[in-house]
Amino acid sequence: MDGNYYMIHDYLIFVGVFAIFFFLTVSIYLFSQNQIFRKKNNKLSETNKLIEQRLNEVQLEHIGTKLNPHLFKNILNSVQSHAYQTYMSLDKLANVLDYILYESNNKFVSPKEEFSFALSLIEINKIKINPLFDFRIKSKIDKSDAVYEEKVFAPLISVDLIENAFKHTDFLAQDSFISILLELENRVFTMKVSNKASLKNVLEKEKSGFGSQSLDQRLKMIYHNFYDLNRSSKNGIFTAELKINLGEFYDKVRYTG
């Protein structure tokens, strides 16, 4: 009897040890497989990010190639329409062309550089309008702002809002106007453009969806949730307001790049 008891006892111990050993072996195997899977998953995730980044770059390059020739055409038309202001126009045009040729290929420029470009572009467009036309421009630029000279601004972002205002304004209407605000304060860029459009331009904008698709696309790909673009229309007055939190965007790029 005692012999059978010890045999059963030893058998149970053996089974227990074997079960523990089997459990540990399976656990180690599953853990190692999980680690391998996680590494593969991380590699796939990194690959997807690289592919997505490259796709965005290609899309941005495509948008740029479509934008620049159109911009050149508008600028040259403005210059040619008023020969008596050619000297001033060519001076501003030289600044704009330098920026487009040498700076727009960069991924980012400083707000200082973009502001200079935007003001030159505005001056070129102004030569096509009557000196008595109600044109308002206001710039509130804090040159001591931390991001003023940092490479955080996507080049040519300001083009679309400026070009649309001049393109869709009825310059013959008595109550017509263009108002442009450029602001940099507390690391936040603001650009607000308003203009009175003719009925024809109102209908054209309604059909086209009002606004530039390429601007929306660029902002979304570059600034993600660090920007806000609002467009509104009331009584023939169109307003577009763009805000970009350059400070938070710069912090993210700096600490994750």
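Rounding to the nearest 0.5 Å gives a distance of 5.0 Å between CZ of F166 and CD1 of I180. If you take CD on E163 and CD1 on I122, they are separated by 10.5 Å, rounding to the nearest 0.5 Å. For the atom pair K167 NZ and I162 CD1, the distance stands at 15.0 Å (nearest 0.5 Å). To the nearest 0.5 Å, atoms OH (Y227) and CD1 (I157) are separated by 9.5 Å.
A distance-only check finds a donor-acceptor pair linking the side chain of N245 to the backbone of E248 [under 3.5 Å]. Checking side-chain atoms of Y148 against main-chain N and O of L184 turns up no donor-acceptor pair under 3.5 Å. For N130 (side chain) and L132 (main-chain N/O), a donor-acceptor pair under 3.5 Å exists by modelled atom type. With hydrogens and angles disregarded, a donor-acceptor distance shorter than 3.5 Å links the side chain of D145 to the backbone of N186. In this structure, E241 contributes its side chain and M191 its backbone to no donor-acceptor pair below 3.5 Å.
Across every non-hydrogen atom of D175 and K196, the tightest pair is OD2-NZ, 2.5 Å. Closest of all the heavy-atom pairs between L182 and I141 is O-CD1, 3.8 Å. In terms of heavy-atom proximity, A165 sits nearest to N195 at O-ND2, 3.8 Å. Across every non-hydrogen atom of I222 and F249, the tightest pair is O-CE1, 3.4 Å. Between K107 and P155 the shortest heavy-atom distance is O-CD, 3.4 Å. Closest non-hydrogen pair, L246 versus V152, comes out as CD2-O, 3.7 Å.
Hydrophobic clustering (side-chain heavy atoms under 4.5 Å, transitive across Ile, Leu, Val, Met, Phe, Trp, Tyr) keeps I244 apart from V188. Both I178 and I137 are members of a single hydrophobic cluster when ILVMFWY side chains are connected at heavy-atom separations under 4.5 Å. Hydrophobic cluster membership differs between I237 and F135, with clusters built from Ile, Leu, Val, Met, Phe, Trp and Tyr side chains linked at under 4.5 angstrom.
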side-chain contact (heavy atoms from CB on, under 4.5 Å) for L161 and L242? Distances and angles first, verdict last.
CA-CA 9 Å; L161 300 184; L242 170 64; 4.1 Å; yes
Worked verdict on Y99 versus E114 for side-chain contact (heavy atoms from CB on, under 4.5 Å)
CA-CA 9 Å; Y99 188 82; E114 181 72 12; 2.4 Å; yes
Walk me through whether E113 and K151 qualify under salt bridge (charged side-chain N to carboxylate O under 4.0 Å, His left out).
CA-CA 9 Å; E113 292 168 314; K151 302 292 185 181; 3.1 Å; yes
Step by step, work out the salt bridge (charged side-chain N to carboxylate O under 4.0 Å, His left out) result for D134 and R136.
CA-CA 7 Å; D134 186 6; R136 317 159 199 168; 2.6 Å; yes
Verify side-chain contact (heavy atoms from CB on, under 4.5 Å) between N164 and R231, making sure each step is shown before the conclusion.
CA-CA 12 Å; N164 273 348; R231 298 184 178 96; 5.9 Å; no
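Ring planes of F115 and F189: tilted class, angle from 30 to 60°.
Residues H168 and F238 are not in side-chain contact: their nearest non-hydrogen atoms beyond the backbone lie 4.5 Å or more apart. Taking 4.5 Å as the limit, some side-chain heavy atom of F133 sits within range of a side-chain heavy atom of T169.
With 3.5 Å as the limit, one finds no donor-acceptor pair spanning the side chains of S176 and D170.
Each of K243, K140, K192 was scored for a salt bridge (Lys or Arg N to Asp or Glu O under 4.0 Å) with E183, with one residue passing: K140.
Taking the six-membered ring for Trp and the full ring otherwise, the centers of Y250 and F108 sit at least 6.0 Å from each other.
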